[in-house]
Amino acid sequence: MRLNENTKLIGQRVVLVPYEARHVPKYHEWMSSPTLRSLTASDELTLEEEYEMQRSWREDPDKLTFIVLCAETYEKTNDEIASMVGDTNLFVRQDDDEPQKYVAEAEIMIASSAARGKGYGREAMLLMFKYAQKHLPLRKFEAKIDMDNAVSMRLFESFQFKEVRRVEVFHEVTLERLITDDWLSWLDAQVQLRAEKYVNA
């Protein structure tokens, strides 16, 4: 999705930047980990396939992604590659109940083990929620999580998502959160967006 191709979201702990070709080698290195691929239900890709995937994230109208940077490292170095800790994604589709609106399936990955447990994933996901609901006609968010991924389950429950479905054959739980005025007020109270900048691609 080209919506965010020139956008940088600056929070307290993290900075979100669009996924560019220059990020691919480090991303590919992360995804060489079988553990990360298992947690994210991802296939192992060659480097060229990873570049193709990056291009699809940029071009496809139903995908929105940001690379997550450690704000402290980025402020010190101004080096996006050195600051990379993960990514956050949305898969957007038409809502079955209100076809003029959309549902966004949310994902968050903190790939760097040294960066986990520091609140980066929580803030990155909150910033993504704020950005997406502001710029897209969304009715609700959802998350599909492996039944064994207790950390992700707790994270999305902390966002006031509720379990709506379990599919044993896929070992997957689906949680949802309707976008209501009350929830948007809660969201605004959770995270401070220091800046939403528009930068040259």
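Bear in mind that the values here come from a model prediction, so they are computed numbers and not experimental data.
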If the test is side-chain contact (heavy atoms from CB on, under 4.5 Å), which one of V15, V14, D79, V85 qualifies with L69? V15
Has the side chain of T73 got a donor or acceptor atom that lies under 3.5 Å from a matching backbone atom of S83? no
Checking E142 against R93 for the salt bridge (charged side-chain N to carboxylate O under 4.0 Å, His left out) test, could you report, in this order, the C-alpha distance in whole Å, the side-chain angles of both residues, the deciding distance, and whether it holds? CA-CA 11 Å; E142 71 176 18; R93 69 175 192 278; 2.8 Å; yes
Residue pair E75, R194: steps toward the salt bridge (charged side-chain N to carboxylate O under 4.0 Å, His left out) verdict: CA-CA 13 Å; E75 286 167 8; R194 288 162 55 196; 3.3 Å; yes
Hey, could you give me each pair passing side chain to side chain donor-acceptor pair (under 3.5 Å) that has a residue in residues 116-133? Not counting sequence neighbours. R122-S158, R122-Q190, K130-D188
Please lay out, stage by stage, how M128 and E107 fare under the test side chain to side chain contact (heavy atoms under 4.5 Å, CB included). CA-CA 10 Å; M128 175 65 106; E107 295 181 342; over 6 Å; no
Short question: side chain of R13, backbone of A71 - any donor-acceptor pair under 3.5 Å? no
If you take the centroid of each ring, where Trp contributes its six-membered ring, are F141 and F159 closer together than 6.0 Å? no
Residue pair P25 / L47: nearest heavy atoms and the distance that separates them: CA-CD1, 4.3 Å
For E59, side-chain hydrogen bond (donor to acceptor under 3.5 Å, both in side chains) partners two or more places apart: R2
Is the number of heavy atoms from other residues, nucleotides or ligands under 6.0 Å of D181 CG greater than 12? no
Are the charged groups of E196 and K8 less than 4.0 angstrom apart, N to O? no
Among residues two or more places apart or on two chains, list those pairs meeting ring-ring contact (aromatic ring centres under 6.0 Å, His included) that have a residue in residues 87-115. W57-F91
Hey, is E163 close enough to K144 for a salt bridge, meaning N to O under 4.0 Å? no
Give the intermediate values and the outcome of side chain to side chain contact (heavy atoms under 4.5 Å, CB included) for residues K197 and I10. CA-CA 8 Å; K197 292 186 176 181; I10 303 173; 3.7 Å; yes
Mind checking what makes salt bridge (Lys or Arg N to Asp or Glu O under 4.0 Å) contact with E157, not counting sequence neighbours? none
For W30, does its backbone N or O pair with a side-chain atom of S33 as donor and acceptor, under 3.5 Å? no
Decide yes or no on salt bridge (charged side-chain N to carboxylate O under 4.0 Å, His left out) for E176 and K162, but give the supporting numbers first. CA-CA 5 Å; E176 290 183 352; K162 302 295 184 186; over 6 Å; no
CD (Q160) with more than 12 external heavy atoms under 6.0 Å: yes
Suppose we screen for side-chain hydrogen bond (donor to acceptor under 3.5 Å, both in side chains). Which residues come up paired with S152, at least two apart in sequence or across chains? N149
Across all chains, not counting sequence neighbours, the ring pair (Phe, Tyr, Trp, His ring centres under 6.0 Å) partners of F161 are F129, F156
Do any N or O atoms from the side chain of K101 and from the backbone of P137 form a donor-acceptor pair under 3.5 angstrom? no
I'd like to know if the side chain of E105 reaches the main chain of L90, judged simply by a donor and an acceptor atom lying under 3.5 Å from each other, with no hydrogens or angles considered. no
Test side-chain hydrogen bond (donor to acceptor under 3.5 Å, both in side chains) applied to N4 - qualifying residues, sequence neighbours left out: none
Transitive ILVMFWY cluster of V103 at side-chain heavy atoms under 4.5 Å: who else is in it? none
So, are E172 and R165 salt-bridged, with charged N and O less than 4.0 Å apart? no
Hydrophobic clusters join Ile, Leu, Val, Met, Phe, Trp and Tyr when side-chain heavy atoms are under 4.5 Å apart, directly or via other members; which others share one with L178? none
Pairing residues for D62 by the salt bridge (Lys or Arg N to Asp or Glu O under 4.0 Å) criterion, not counting sequence neighbours: none
Residues passing the salt bridge (Lys or Arg N to Asp or Glu O under 4.0 Å) test with E52, sequence neighbours excluded, are none
H23 pairs by side-chain hydrogen bond (donor to acceptor under 3.5 Å, both in side chains) with which of E50, H28, Q54, E80? E80
Tell me, please, which residues at least two apart from D97 pass salt bridge (Lys or Arg N to Asp or Glu O under 4.0 Å). R139
